[in-house]
2 protein chains.
Amino acid sequence: MSEIKQSSTNFSNKLALSDECSEAYASNIIGGQWTLVICSWLLSGKLRFGELKKKLPGITERMLTLQLRKLEENRIISRTVYAEVPPRVEYEVTEIGYALKSVITELEVWGTSHKKLIGE
Amino acid sequence: MSEIKQSSTNFSNKLALSDECSEAYASNIIGGQWTLVICSWLLSGKLRFGELKKKLPGITERMLTLQLRKLEENRIISRTVYAEVPPRVEYEVTEIGYALKSVITELEVWGTSHKKLIGE
DNA sequence: TTAGGTACTATAAATATTGTAAGTAATGAG
DNA sequence: CTCATTACTTACAATATTTATAGTACCTAA
């Protein structure tokens, strides 16, 4: 994440695609390894950092942080810090984040039937 | 593409996610840089390799080939070779490929409204 | 004074994906 | 024989994403 090279061909290709095709644009935003699963969990209610971590076996704290930051940047989730010790931080979906629900549903439907097809 | 390391953490993470979440599974399949755009074009009719290339400014032949192969492996598109010279190869979506239409539509809808929100 | 919980950050390394540049096969047209 | 056309393939280089590991700050409770 972090460092992207704005002079790379890859960067300008992505830019051009995003510009023309909203579906490619969307895919760039929610296409990260853990992104959809995080959103999926948050769609059913706000969660703390540690709670999310438990829901995602295998994720590292760094990855979780990165993905959450990216989601926050894209205004898909909001972050609330409580001034307590030990710290408490809660994440929840915004309105546009909530709107991902139908996307996720369609992906699930399609994924399920694709799995079935391939499994035959 | 080509070489994935089946012993990597990344690989097993993806596997585990795909296994549990159909939306992550779907995302793994259609998450490539050009995948959705290619599908999008093919949804409106079969196209030849060269035609696709023209529709996708910036794609290299290598990338186009790789993406088409992956789509074919995943049975999203089918490939027909005509025994002519110069060669003619046509690609078209399969049934499960056609079912991506609603996914793409939702992504477009969401992408468009997200763009709008961010643009404000 | 020391340990412990929570939500991180820093740095480096490993993997994965994408891009560059060049070449191939087959055959018909000239 | 040579060239053009089409749909690739190959070898390698650059970039992007993900993982590994080890910290940090803060206060509280023992």
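Numbered from 1 within each chain, the chains take letters A, B, ... in sequence-line order. Below, each value reflects all heavy atoms present in this structure, side chains not excepted, and no hydrogens, waters or symmetry copies.
- The side chain of Asn13(A) contributes an N or O atom lying less than 4.0 Å from OP1 or OP2 of dG19(C).
- Computed from coordinates, the Tyr82(B) OH to dA25(C) P distance equals 25 Å when rounded to whole Å.
- Here Thr60(A) does not reach the OP1 or OP2 of dT18(D): none of its side-chain N or O atoms lies under 4.0 Å away.
- One can place CD1 of Ile4(B) at 22 Å from P of dA16(D), the figure rounded to the nearest angstrom.
- Set against dT6(D), dA7(C), dT19(D), the side chain of Trp34(A) has dT19(D) as its closest nucleotide.
- Listed candidates were dA16(D), dT9(D), dA20(D). Nearest to the side chain of Thr9(B) is dA20(D).
- Within the 4.0 angstrom heavy-atom criterion, only backbone atoms of the sugar-phosphate kind lie near Tyr91(B); the bases stay farther away.
- Of the candidate nucleotides dA16(D), dT19(D), dT6(C), dA16(D) has the atom nearest to the side chain of Asn10(A).
- Trp41(B) places no side-chain N or O within 3.5 Å of a backbone atom of Lys46(B) that could act as its donor or acceptor partner.
- Residue Lys14(A) places at least one side-chain N or O under 4.0 Å from the OP1 or OP2 atom of dT17(D).
- For the residue pair Thr80(A)/Glu90(A), the side-chain donor-acceptor check at 3.5 Å is not satisfied.
- Of the two residues contacting DNA chain D, namely Pro87(A) and Phe11(A), the nearest-nucleotide position lying further toward the 5' end is that of Phe11(A).
- Ranked by how close their nearest DNA chain C nucleotide is to the 5' end, Gly31(B) and Thr65(A) are led by Thr65(A).
- Ranking dG5(C), dT9(D), dT5(D) by closeness to the Pro86(B) side chain, first place goes to dT5(D).
- A straight line from CD of Glu84(A) to P of dA25(D) spans 21 Å, rounded to a whole angstrom.
- Nearest approach of Trp34(B) to Gly58(B), heavy atoms of both residues: CH2-C, 3.9 Å.
- Side-chain contact annotation: Glu72(A) with Ser78(A), donor-acceptor N/O pair under 3.5 Å absent.
- The shortest heavy-atom contact between Tyr98(B) and Val93(B) is N-CB, 4.0 Å.
- Atom CZ of Arg79(B) and atom C1' of dT6(D) are 12 Å apart (whole Å).
- Regarding contacts with the backbone of dA7(C), every side-chain N or O of Arg62(A) stays at 4.0 angstrom or more from both OP1 and OP2.
- Distance CD1 (Ile59(B)) to P (dA7(D)): 14 Å, rounded to an integer number of Å.
- Remark: P of dA7(D) and CG of Leu56(B) are 14 Å apart, rounded to the nearest angstrom.
- dA7(D) atom P lies 14 Å from atom NZ of Lys55(B), rounded to whole Å.
- At distances below 3.5 Å, at least one donor-acceptor pair connects side-chain atoms of Lys115(B) with backbone N or O atoms of Ser18(A).
- One finds no side-chain N or O of Ser8(B) lying less than 4.0 angstrom from the OP1 or OP2 phosphate oxygen of dT18(D).
- Taking atom CE on Met63(A) and atom P on dT9(C), their separation rounds to 13 Å, with Å as the unit.
- Contact annotation: Arg48(B) reaches the phosphate of dA7(D) (side-chain N/O to OP1 or OP2, under 4.0 Å).
- At dA16(D), none of the side-chain N or O atoms of Gln33(B) fall inside 4.0 Å of OP1 or OP2 (strictly under the cut-off).
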